[in-house]
2 protein chains.
Amino acid sequence: MNPPSSKRRRATGRATLQDVALAAGVSPITASRALRGERSVAAELVQRVTAAVAQLGYVPDPAARALASSRSNQVVVLIPLLSNALFVDLLDAAQRTLLAAGYQSLIGVTHYHPEEEEALLRTYLMNRPAGLLVTGFDRTEAARALIHGSGVPCVHVMENRGEPGLYSVGFSQQAAGHAMTAELMRRGYRRIAFAAAQLDPRTLQRAQGYREALGAAHDPALEFMDAAPSSFALGAAMFERVLNTVPDVDAIFFNNDDLAQGALLQALRLGIRVPERVAVTGFNDLTGGGQMLPPLSTVRTPRGEIGLEAARMLVALMRNEAVAEPCLDLGFELVLRESC
Amino acid sequence: MNPPSSKRRRATGRATLQDVALAAGVSPITASRALRGERSVAAELVQRVTAAVAQLGYVPDPAARALASSRSNQVVVLIPLLSNALFVDLLDAAQRTLLAAGYQSLIGVTHYHPEEEEALLRTYLMNRPAGLLVTGFDRTEAARALIHGSGVPCVHVMENRGEPGLYSVGFSQQAAGHAMTAELMRRGYRRIAFAAAQLDPRTLQRAQGYREALGAAHDPALEFMDAAPSSFALGAAMFERVLNTVPDVDAIFFNNDDLAQGALLQALRLGIRVPERVAVTGFNDLTGGGQMLPPLSTVRTPRGEIGLEAARMLVALMRNEAVAEPCLDLGFELVLRESC
DNA sequence: CTGAAAGCGCTTACAG
DNA sequence: CTGAAAGCGCTTACAG
């Protein structure tokens, strides 16, 4: 230990808490408390500490903090894909909110593989993150145990699940699938196909909503499921496949805007009129849909708000504050343009 | 200090280096060295340490490492935007490569604002990152000083600059702008407009290449620069603006595929034939271009490879290894489809 | 409301 | 090639 008389700038040249305490004429613990805004420090001392911090240009060392408190200022955010604008919007909003609250984001991309998610969790949990933001509820048992065992506050995004102890911000994928299908029925479409890619859990929930809305009218032959990732090209291919397989189809509900936009382009290429010959709708309301010919009808999903609210909820949890609504449903909105 | 006899599992229940050392019958320092793969540890001891690690399920604490060595295992990656697929591709490749090499990424979005970049740098540098990946060379003097003063290895992406001490992986934006323009000229187009958005430094470099290729034929009236972010909608608007302002235009070189795709859609809407009435080309070869009507001619930029190679270069720097080519030019490629 | 002591779990010199 | 000592810069109990 250094004798108190030999205190000096830290090896790196940066000022330490010690320096601040010395300059403020308080103990390091008091300086620490003042810095973190713990009440129970006299106002005057807080002021002296603040002044010393400013004067010395002191910045706390996150590593030292993390080591001493066994908790970092970083939040792990796990999303399936970076190549889907949906998750990028979510991420952008969450990251911005977290940063404003003093937390840094550690981003992990799972590529829709539960095993990859588990590996990322294992790696990132080593950092003792302050919080966790994960997508949906579909994960390995081990991942679930890892999350629970870590004791780190966790918010789930994109879906809701009303179990006690679970926090989530999302909307009902099934209700959204139901609503768009019902709208198509209301408009008089009778042979409504459902075309989906990726086949992740949320896609399947939308399919469930589609079936539910159709009720007795549901025909399995009208469901087209392709596990490949969605893209314009796949949408184009699926569009043709649907028309060829089910000649009397009068509407196609694509599970994603990428697919639907690709289908619209293919219809143009083929000279097939939308919505006269066949209606086309999408999902998510990604950018560009309104520019299509005809403009795409779709379901607007509130991913930005989800990112924002999930980050807020997580911040509350990390600060041990109460969370009013642990299962926050942000809804969705039908955007009816000209493609149906 | 604990007397050696009272060593136990750490407070959190996780095994510590001490535990590993004890189990392996070596000193903690030796265990530490064995773990980090420092040669100068006898093979047999390494083996004993490895076994102890496996047996105890030991995972090192990054915070303790960072504090003791004043260097973390995190790399800061700064990109302008998350809403541009270009940077997402770059990021994805870089992050994957870094993770495989044992580094975590701390992602910062600058929104093309040097001040935001500077603030992010200031925040993230507190973490003593092991490395830095930044976009381009356009930043505040303070940011430059921050980077240099930190002593943290830094690789610049998207552009090249041959100054000693600077590391970069990219391609010549100007040469790319030149090449596409020259190709249009070669095909007989004479009134070639240049339409750009965002107006970031790389956009301006492409404009420079465009002017250079045109030489004496260059006409400032054919340059359309809009500082708004690029989008389908803006591309559509610019397309009309160009045609209305310069009726004899016969080709439009859009600075970005978003813009060009929006223009193509607008041409369809207006019934203007591409490339017969006017040719359209884009930049970057983003997804969807090949699906357009007509398929979009564009410049393919190697952002994935840039991310990969930049990460590799940074890993070499962080390991104090030699870097063969500190100014790596990965080139570009004209993708000539039917829109010109 | 404030502080002295101890310790978080590693690694960096310094020896030998 | 290996180790004993010291310390990285904070915060957590424990007192008062």
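Letters A, B, ... are given to chains in the order of the sequence lines, protein chains preceding strands, and every chain is numbered from 1.
- The side chain of A/Ile29 sits closest to C/dA4 out of C/dA4, C/dT11, D/dG3.
- Rounded to whole angstrom, the span from the CE atom of B/Met126 across to the C1' atom of D/dC10 amounts to 13 Å.
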>> Under the criterion ring pair (Phe, Tyr, Trp, His ring centres under 6.0 Å), I'd like the reasoning laid out for A/His156 against A/Tyr167: C-alpha separation, chi angles, the key distance, then a yes or no.
In response: CA-CA 6 Å; A/His156 304 74; A/Tyr167 294 87; 8.6 Å; no

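- Along DNA chain C, the nucleotide closest to A/Val26 and the one closest to B/Ala68 are compared, and the more 5′ of them pairs with A/Val26.
- Taking atom CG of B/Asn73 as the reference point, atom C1' of C/dT11 lies 15 Å away to the nearest angstrom.
- Between the P atom of D/dT11 and the CG atom of A/Leu35 lies a distance of 8 Å, rounded to the nearest Å.
- The partner of C/dA15 is D/dT2, judged by Watson-Crick or G-U wobble contacts that both fall below 3.5 Å.
- What separates CG of A/Asp61 from P of D/dG9 is a distance of 7 Å, to the nearest Å.
- Between B/Ser69 and A/Ser32, it is B/Ser69 whose nearest contact on DNA chain D lies nearer the 5' terminus.
- The structure places OG1 of A/Thr110 at 9.0 Å from CZ of A/Arg139, a figure rounded to the nearest 0.5 Å.
- Residue A/Arg65 places its side chain closer to D/dC10 than to any other of D/dT2, D/dC10, D/dG9.
- Distance check, rounded to the nearest 0.5 Å: CG of B/Leu99 to CG of A/Leu120 gives 6.5 Å.
- In this structure, A/Arg48 atom CZ and C/dG3 atom P are separated by 9 Å, rounded to whole Å.
- If you check the side chains of B/Asn127 and B/Ser72, you find no donor sitting under 3.5 Å from an acceptor.
- Spacing between atom CG of A/Leu17 and atom P of D/dT12 amounts to 12 Å, rounded to whole angstrom units.
- For the residue pair A/Glu118 / A/Thr140, a side-chain donor-acceptor distance below 3.5 Å is found, with atom types taken as modelled.
- Residue B/Ser70 has no polar side-chain atom (N or O) positioned under 4.0 Å from OP1 or OP2 of D/dC8.
- When distances run from any side-chain atom of B/Arg33 to the nucleotides D/dG3, C/dG3, C/dG9, the shortest one goes to D/dG3.
- We find that CG of A/Asn127 is positioned 15 Å from P of C/dG9, with the value rounded to whole Å.
- As a whole-Å value, the separation of A/Arg71 CZ from D/dG9 P is 24 Å.
- Distance from the side chain of B/Ser27 is smallest for D/dA4 among the nucleotides D/dT11, D/dA4, C/dT11.
- Comparing C/dC1, D/dT12, D/dC10 by their closest approach to the side chain of A/Ala64 singles out D/dC10.
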